[in-house]
Amino acid sequence: MSEVALLDSVVTFLAKPLGSFIDGVTTVDEQAAVTEVINPTTEQSIARVSDATPAQVDAAVAAASRAFKGSWAQTSPYQRGVLLNKLADAIELHGEELAQLEALNSGKSINVARGLEVAQSAVFLRYFAGWTTKITGESIIPSLPSMNGEQYTAFTRREPLGVVAGIVPWNFPLMIAVWKLGSALATGCTIVLKPSEFSPLSLLRLVELTKDVGIPDGAVNVVTGAGRIGQQLTEHGDVRKVSFTGSVPTGIAVGAAAMTAKLTRVTLELGGKNPAALLADVNLDEVVPGLLMTAFTHQGQICASPERIYVHRSRIDELSAKLGAALASLKIGSPLDESVQFGPLANKAHYDKIVSYFERLGDGQEIITGGRTVGGTGYFVEPTLLRACNPKDLFLTEETFGPIVCLLPFDSDEELIELLNDTPYGLGASIWTNDLSKALRMIPRIESGMVWVNMHTFLDPAVPFGGSKSSGVGREFGSAFIDAFTELKSVMIRY
Ligand code: TXE
């Protein structure tokens, strides 16, 4: 099948001077450094994005501060919900354009870009829109003694924190930005987003849409560039919260910098080494398609994807054969080809990282399939399935964030629980079984922010998501996001 034809609007957008979006205007500083945006399929530059200068970062925070106290504060909760729903409508209206930008910029399959990244961005925004009118406090009757007939009452208010810095990684640049933007705007905060230097394009198009739908200037801003821009935001005295998604080392640095700056609030959604556990009774004909989807969608570049699979010893040979065969038959190629199932890695730095893992293969692992680069142009590697014999194998302990999955057999449930928890991380884990009673008994013993049964990686706006242990701090989605983006104020009244 041939590639989808690029929309005229995509071609026009890529040719524009691109840069930070501050107070409702795209501002390109002629003197500033420029980042070439590389298409990972062709290794060619597809756009030029001007990096934010330090003065522009300050201007973006100042614009967000003004909107927080002004136009956005004057927008009623109901109206905020209306605007978020309008933005969801605009995302759907411009869905193909956003999906094509994503496929070009991050190497995401056009099917995944359309059906997951773009479609879910609208779903999440509508969820946040629904919350705007439902953020409440509680009323309390204090127990203070009444000496002369006086009485007391108290209530709590949930007040928006202020300007939020949303720092976004390269793997789902549109959807993760929407999580942060939706949470901030729904609670009455304003936001300055910083996309990854590798994949800023879909977010730069999205902010244009925020203006089109009538979100006031300054409520949503974007500053472009590398980590130092994120660092300046994190350390900025007028930023009240940092919502960060990315790697563990950068997350720890961001958390420390935010605390040092002004005890700035942080939510850190970091990586992991997520396990899947396949119990002896599983139906592998059902599980294999599930694992294929969850571990290899977007070439495995998803923070919650499983990278280590513990399989009951009685089933591991059958799983190796079936999953290995399914992986070997995946069609690898251009993400703009609708028949392709597996595209390139998102950027050269990540490709080099995965290649370095391939170079360490063979010392203790059996390669069931994959383990090589594809060759030719583009950051293509083979989907890879390994089998280890040692629980401390590096492919069972280090996050590759790529399409590399490692199997290990287990014999008993007790051994399985130990294996699942034998990691500094705790983002997501899954149990695959028809024995629900056994799964329910295991769930409390698994050290993880999220546990799935007979599924993995699925996220829903109504279900809180975040890591335990070294996988992060705080939760996104559900009602949990309200706590994370507001301050609780208590009011006591004597009358
Ligand atoms: O991530 P970083 P990178 C993992 C994955 C990948 C590795 C590195 O293993 O190979 O991280 O990717 C900004 N202060 N994940 O380098 O460094 C940066 O510009 C403030 C997992 O892209 O964590 C980008 O916008 N911000 C992950 C964002 O932080 C800083 C998804 C993430 O960058 C900064 C992506 C600083 N000092 C990669 N330094 C997941 N959990 O989903 C960088 N940034």
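Counting starts at 1 for both ligands and their atoms, following the listed order. FYI, the numbering just counts along the sequence from 1.
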- prompt: Do F124 and F477 have ring centres separated by under 6.0 Å?
  reply: yes

E399: partners by salt bridge (Lys or Arg N to Asp or Glu O under 4.0 Å), with sequence neighbours left out: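 Scan of E399 (salt bridge (Lys or Arg N to Asp or Glu O under 4.0 Å), adjacent residues dropped) gives none.
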
message: Which residues pass the salt bridge (Lys or Arg N to Asp or Glu O under 4.0 Å) test with E487, not counting sequence neighbours?
response: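 With neighbours one apart ignored, the set is R265.
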
For a quick test of your reading: what N or O donor-acceptor pairs under 3.5 Å do the side chains of residues 287-297 make, sequence neighbours left out?
residue: T294; atom: OG1; partner: H456; partner atom: O; Å: 3.1
residue: T294; atom: OG1; partner: T457; partner atom: OG1; Å: 2.4
residue: T297; atom: OG1; partner: M293; partner atom: O; Å: 2.4

Can you list every pair where an N/O of ligand 1 is under 3.5 Å from an N/O on the protein?
residue: ligand 1; atom: 9 (O); partner: K353; partner atom: NZ; Å: 2.7
residue: ligand 1; atom: 10 (O); partner: H350; partner atom: ND1; Å: 3.3
residue: ligand 1; atom: 10 (O); partner: K353; partner atom: NZ; Å: 3.0
residue: ligand 1; atom: 12 (O); partner: W170; partner atom: NE1; Å: 3.4
residue: ligand 1; atom: 14 (N); partner: Q231; partner atom: N; Å: 3.4
residue: ligand 1; atom: 17 (O); partner: T250; partner atom: OG1; Å: 2.8
residue: ligand 1; atom: 19 (O); partner: K194; partner atom: NZ; Å: 2.9
residue: ligand 1; atom: 19 (O); partner: E197; partner atom: OE1; Å: 2.8
residue: ligand 1; atom: 22 (O); partner: W170; partner atom: NE1; Å: 2.9
residue: ligand 1; atom: 23 (O); partner: S247; partner atom: N; Å: 2.7
residue: ligand 1; atom: 23 (O); partner: S247; partner atom: OG; Å: 2.7
residue: ligand 1; atom: 23 (O); partner: T250; partner atom: OG1; Å: 3.3
residue: ligand 1; atom: 25 (O); partner: V168; partner atom: O; Å: 2.8
residue: ligand 1; atom: 25 (O); partner: K194; partner atom: NZ; Å: 3.1
residue: ligand 1; atom: 41 (N); partner: G246; partner atom: O; Å: 3.0

- prompt: Quick one: do R114 and E338 make a salt bridge, cutoff under 4.0 Å?
  reply: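 E338 and R114: salt-bridged.
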
query: Is there a ring pair (Phe, Tyr, Trp, His ring centres under 6.0 Å) between F481 and F128 once you walk through the steps?
result: CA-CA 9 Å; F481 86 91; F128 291 123; 4.9 Å; yes

